[in-house]
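Below is one structure, written out as structure tokens; the observations come after it.
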Amino acid sequence: MDREILAKGYEPGDIERKWYKYWVDNNLFQAKGHSDAEPFCIVIPPPNVTGTLHMGHALNNTLQDILCRYKKMKGFNVLWQPGTDHAGIATQNVVEKSLASQGTDRHAVGREKFEELVWEWREKYGGIIINQLKRLGCSCDWSRERFTMDKGLSRAVKEVFVRLYEEGLIYRGDYIINWCPRCHTALADIEVEHEDMNSFLYYIRYPFVGRNGHLTVATTRPETLLGDTAVAVNPRDERYGDISGASVLLPIMNRPIPVIFEDYVDTEFGTGALKITPAHDPNDFEIGNTHNLQRIKVIDENGRMNSLAGPYQGMDRFECREKILKDIEDAGLLEKVDPYQNAIGHCYRCKTMIEPLLSKQWFVRTAPLAKAASDAVREGKTRITPASWEGTYFDWMDNIRDWCVSRQIWWGHRIPAWYCNACGEVHVAKEAPQRCRACSSEDLVQETDVLDTWFSSALWPFSTLGWPGATDELKTFYPTSVLITGFDILFFWVARMMMMGIHFMGDIPFKDVYIHALVRDAEGKKMSKSKGNVIDPLVVMDEFGTDAFRFTLAALAAQGRDVKLSEERIEGYRHFVNKIWNASRFALMNLQDKADIETGNHTLADRWILTRLGQVSTEVAQALDSFRFNEAAGICYQFIWHELCDWYLEMAKQGLYGDDKAIKDSTMETVKTAIMGSLKLLHPFMPFVTEEIWHKFTGGASSIMLAEFPKPSDFMYDKDALKKMDLLMGVINGVRNIRGEMNIPPSKSVSILLDMADGEQADIINDNITHIKTLAKVDSIRIESGAPKPEASATAVFGRNQVHVLLKGLLDFDEERKRIGKEIQKIEKEIEASEKKLSNHGFMDKAPADVVEKVKQKVDELSLKREKLKHNLSFFEKI
RNA sequence: GGGCGGGUAGCUCAGUUGGGAGAGCACCGGCCUUACAAGCCGGGGGUCACAGGUUCAAGCCCUGUUCCGCCUACCA
């Protein structure tokens with residue numbers, strides 16, 4: 001067996017690359033379509049092909065990888081399904097920008113050529129984020145990588161579109177939609193980001209027709225007045241009770257428009273009179289429908305005023321606003337202008353101000369789909385963790401509006417609809433029809449719009465598994481096990497996968513949804529390029545190592561709370577990685593290969609650490625099973641550093657360096673078991689360093705990925721050992737505490753006198769006397785029950801025992817008086833609180849017996865300790 | 001406007017059936033003890049935002065106040 005000793009410190013760089021290649025070359029990430037093992041499946045939230053890895057991805061994928069690696073070690077047939085989405089608008093923007101830099105645009109190159117260029121771009125740059133995920137250590141089954149625009153997924157998209165259309169769940173119609181004048185496309189409601197802005201509320205007079213006076217309306221968008229086709233007031237508004245049937249004259253345009261009555265109008269706001277522009281405002285559109293108002297579109301797709309805008313034709317919408325205000329003011333129709341704050345919609349891709357426009361678009365009728373998706377969570381078929389997100393989910397699902405799915409761009413799934421140029425008949429089909437079914441004309445043209453990217457993402461959990469084919473993968477892995485994602489795409493993606501999954505598969509797409517938090521900077525601010533507070537995960541991985549970075553993310557990922565990341569924190573966990581490295585180094589330096597190894601002669605320390613390892617295995621597994629990643633990480637950290645390293649390995653030195661072969665053999669075996677067990681616990685969090693060390697221990701026999709995750713029955717359970725170690729630690733801590741307080745350097749040994757409460761406890765100490773000598777730097781120990789306190793000694797009380805540290809010539813009496821006095825004070829406070837409870841009849845009557853018993857016991861113990869401390873103190877007061 | 005989350009040690013945070021206030025970092029003191037100075041040993045430090053209420057018992061449950069963050073919304 002080749003067991004080389006490790007280098008003095010852990011250097012991640014090359015090791016990470018080496019093992020990732022090893023895992024892939026050995027197909028360790030591959031799932032089986034068929035397997036007797038229980039399936040576990042996660043579909044990756046597909047990153048945009050245009051994307052590069054940011055902190056959100058890093059957290060999201062680290063958590064997924066932790067679960068996948070953990071489940072694999074637990075024996076599951078794990079599939080982590082990877083892929084990317086085509087990000088229609090974003091990708092098109094990137095390629096258009098590149099065209100612009102060459103002095104051309106997509107219209108000049110034409111649709112077909114443009115699509116080719118995007119594919120070329122995707123070939124060249126689309127793999128960046130995939131490689132970055134690999135850098136992070138993600139154990140995705142890359143042999144199954146998918147792309148939302150690839151053949152299989154495109155087939156699924158067509159299938160779904162056609163079926164929904166045939167079921168009447170997709171329709172085409174004229175509606176007011178959110179238009180981005182820069183991206184030149186419609187956007188779904190949730191693709192609009194609202195931002196509070198400082199605007200103005202303009203009060204504009206509309207003179208009455210055929211009578212004196214005017215009606216004053218309040219608006220934030222005076223330029224839309226050109227398209228007004230009514231003014232509405234509330235029928236219950238007494239101010240306007242007498243204007244039934246009246247008309248007003250639209251300023252500038254001098255067009256008479258009716259005054260209508262509409263409950264929607266808020267009498268409290270502005271003047272209680274609302275101008276109605278059905279072609280440029282979603283609410284006005286609705287009102288226009290109920291009152292049969294004309295729709296006059298005055299702003300075009302470029303955000304410019306069109307021919308119906310009269311004198312303003314050709315002006316930009318913002319320029320027009322200024323001009324129109326001036327004209328109205330000149331006409332004496334501008335009553336006043338108030339500063340006003342309102343939320344204005346912006347394109348989520350390019351931040352351009354959205355223009356609500358009247359337009360012909362394709363919609364998904366969501367209500368019936370949403371009902372089932374909502375019920376599935378209500379009935380607990382799909383669980384959302386943390387559960388607080390359920391409310392948000394229900395709120396959205398229960399108030400959902402139809403989903404505008406057509407986009408006026410070229411990069412995406414072209415809508416499978418054909419129009420007959422002869423008679424206008426619409427055909428929706430998977431393949432292009434040869435002739436019109438109504439008039440037999442062959443003059444058919446395909447819809448130019450493409451589908452919203454999220455339309456294809458909504459099918460991800462089943463389209464990636466081969467749907468609409470009936471594949472083994474679908475049978476094995478659908479419904480998938482867990483979806484891990486950020487809350488920012490709860491509506492965009494999770495909700496829509498629920499709708500589509502239930503509708504087309506007849507079952508939920510995943511059993512659990514785990515929503516994790518956002519990664520913020522150390523001040524809790526959202527990371528953004530413009531703020532300049534972005535921490536690049538790749539830089540972090542270079543500097544601190546991937547394992548340290550992953551462990552940090554896991555350790556900070558408490559449920560329901562944002563992750564505030566700072567480099568100091570990552571550095572701290574890099575130290576932890578190094579700690580494991582060095583603990584392993586120590587083990588490898590002291591293990592020997594021997595055929596005649598004699599095992600089973602476990603020391604107290606051996607039995608203790610093995611028992612603890614068993615307990616910790618359960619705790620970590622339970623934490624991971626319930627998505628408490630930070631707890632799982634914390635338990636590992638605490639156990640490995642403060643129990644395994646600080647206590648066990650120090651104690652193991654006695655056996656390793658000693659002459660007793662039986663003890664030595666057993667200790668070697670236990671050290672190995674404890675370290676390898678710890679490596680297995682840590683592997684899901686820090687895959688690289690654990691794999692590296694694992695191979696040093698096993699001589700490269702097999703990957704740690706194939707090892708079984710630790711469970712209590714792998715070790716031993718010795719309750720007695722836990723108790724005995726407690727006592728031993730009590731003695732050592734007592735002496736260390738006194739040494740520390742007295743500033744006695746480690747080079748200076750001390751003598752102690754142990755006053756043990758009973759013979760049994762004295763035996764435990766006797767059996768482990770070398771540990772006390774070594775770990776507390778003691779040269780001589782005397783054990784005597786009830787021995788009087790020696791002169792010039794400092795005393796620590798633990799349990800019913802005490803330890804006197806002999807400090808002839810070293811003891812500062814004042815210091816010792818202070819030290820004991822302080823301790824007594826602390827204890828008295830506790831005793832007081834507990835006694836108050838015990839003297840409370842309510843507590844004695846109503847509290848459970850075990851709680852009362854615990855408090856009584858506490859008072860007894862503390863009183864005893866206080867007594868001893870006081871006794872010790874009196875000793876010094878005599879001096 | 002509605003909803004959600006949060007205010008716990010100097011900093012960042014944990015605290016899952018209500019019953020001992022914790023961690024990491026920072027700080028102070030002692031150590032180059034041959035796995036690790038990326039380390040070891042010891043220590044100080046908190047009216048758990050504020051005010052009420054429920055309870056024998058509240059960081060935890062309820063109500064209100066206040067501050068911060070986020071999501072959402074068709075009051076122009």
Side-chain angles (χ1 to χ4, degrees), chain A residues 5-6 8-10 190 194 201 217-221 224 232 264-271 273-277 281-287 340 342-343 386 388-389 391-392 395-396 399 401 487-488 490-491 517-518 520 522-526 555-556 558-566 568-569 571-590 626 628 630-631 634 637-638 645-646 649-650 653 733 736-747 774-777 830 833-834 837 840-848 850-852 854-855 858:
Chain A
I5 305 303
L6 300 178
K8 196 160 176 182
Y10 175 57
I190 51 173
H194 294 272
L201 194 56
V217 303
T219 182
T220 54
R221 300 203 58 198
T224 61
Y264 165 81
V265 181
D266 183 353
T267 56
E268 305 290 312
F269 190 90
T271 59
L274 171 65
K275 65 188 228 35
I276 305 294
T277 324
D281 182 282
N283 306 310
D284 295 4
F285 176 79
E286 297 290 336
I287 294 169
Y340 183 66
N342 62 344
S388 54
W389 287 106
T392 311
D395 195 50
W396 193 69
N399 297 298
R401 295 163 80 188
F487 59 80
D488 47 334
L490 182 63
F491 304 143
L518 238 56
R520 299 173 180 281
E523 270 87 56
K525 295 205 179 75
K526 207 166 164 172
L556 298 182
Q559 284 187 6
R561 217 189 262 233
D562 288 338
V563 174
K564 285 186 199 163
L565 193 69
S566 66
E568 288 75 30
R569 211 59 203 252
E571 195 175 358
Y573 288 113
R574 181 181 60 172
H575 296 171
F576 180 49
V577 175
N578 197 50
K579 188 77 183 171
I580 297 143
W581 179 264
N582 276 292
S584 305
R585 181 167 184 259
F586 164 76
L588 289 165
M589 285 167 77
N590 287 288
S626 48
R628 298 184 328 257
N630 63 317
E631 266 184 51
Y637 184 96
Q638 161 67 27
C645 292
D646 288 351
L649 292 184
E650 291 306 321
K653 284 175 183 173
N733 282 335
R736 279 177 171 176
N737 175 278
I738 287 168
R739 295 185 65 113
E741 294 275 305
M742 302 295 158
N743 280 338
I744 297 167
S747 53
T774 318
L775 299 182
K777 299 278 178 202
E830 284 189 66
S834 295
K837 279 186 184 176
N840 182 335
H841 292 295
F843 178 75
M844 297 305 282
D845 294 346
K846 291 181 184 172
D850 61 308
V851 173
V852 174
K854 232 162 106 183
V855 174
K858 187 175 162 189

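Only heavy atoms go into these numbers, but all of them, side chains included; no hydrogens, no water, no symmetry mates. Letters go in sequence order (proteins before strands), and every chain restarts at 1.
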I want to check one thing: is the phosphate of [N], taken as OP1 and OP2, less than 4.0 Å away from some side-chain N or O of [X]?
| X | N | answer |
| --- | --- | --- |
| A:Asn737 | B:rG43 | yes |
| A:His575 | B:rG39 | yes |
| A:Tyr340 | B:rA76 | yes |

Closest nucleotide among [options] to the [X] side chain:
| X | options | result |
| --- | --- | --- |
| A:Asp266 | B:rG19, B:rA35, B:rA76 | B:rA76 |
| A:Glu830 | B:rA76, B:rG20, B:rC56 | B:rG20 |
| A:Lys653 | B:rC31, B:rA76, B:rA35 | B:rA35 |
| A:Glu741 | B:rG43, B:rA37, B:rA35 | B:rG43 |
| A:Pro746 | B:rC41, B:rU72, B:rU33 | B:rU33 |
| A:Phe586 | B:rG39, B:rU12, B:rA35 | B:rA35 |
| A:Pro745 | B:rC74, B:rA38, B:rG30 | B:rG30 |
| A:Ser388 | B:rG19, B:rA76, B:rC4 | B:rC4 |
| A:Ala847 | B:rG24, B:rA38, B:rG19 | B:rG19 |

[X] has an atom [atom1]; how far is it from atom [atom2] of [N], in whole Å?
| X | N | atom1 | atom2 | result |
| --- | --- | --- | --- | --- |
| A:Asn590 | B:rC36 | CG | P | 11 Å |
| A:Leu556 | B:rG15 | CG | P | 12 Å |
| A:Ile744 | B:rU33 | CD1 | C1' | 16 Å |
| A:Arg628 | B:rA23 | CZ | P | 20 Å |
| A:Leu649 | B:rG39 | CG | P | 16 Å |
| A:Lys846 | B:rG19 | NZ | C1' | 15 Å |
| A:Lys8 | B:rG39 | NZ | C1' | 10 Å |
| A:Asn743 | B:rC41 | CG | P | 16 Å |

Would you say the side chain of A:Glu650 and the base of B:rA35 hold a donor-acceptor pair, judged only by whether the two atoms sit under 3.5 Å apart? yes
Counting only Watson-Crick pairs (N1-N3 plus N6-O4 or O6-N4) and G-U wobbles (N1-O2, O6-N3), all under 3.5 Å, who is the partner of B:rC70? B:rG3
Ring-plane angle category for A:Phe487 and A:Trp389, please: parallel below 30°, perpendicular beyond 60°, tilted otherwise.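 Aromatic pair A:Phe487/A:Trp389 classed parallel.
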Parallel, tilted or perpendicular: which describes the rings of A:Tyr340 and A:Phe269, with under 30° parallel and over 60° perpendicular?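 It falls in the perpendicular class, over 60°.
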When you compare the side chain of A:Arg736 with that of A:Leu775, does any pair of heavy atoms fall below 4.5 Å? yes
Any non-hydrogen side-chain atom of A:Thr774 less than 4.5 Å from a side-chain atom of A:Lys653?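 No - every pair of side-chain heavy atoms lies 4.5 Å or more apart.
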Pick base, sugar-phosphate or nothing for A:Lys858, based on heavy-atom distances below 4.0 Å to the nucleic acid.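 Sugar-phosphate, no base atom in range.
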Could you give the distance separating B:rC48 and B:rG20 at their P atoms, to the nearest angstrom? 16 Å
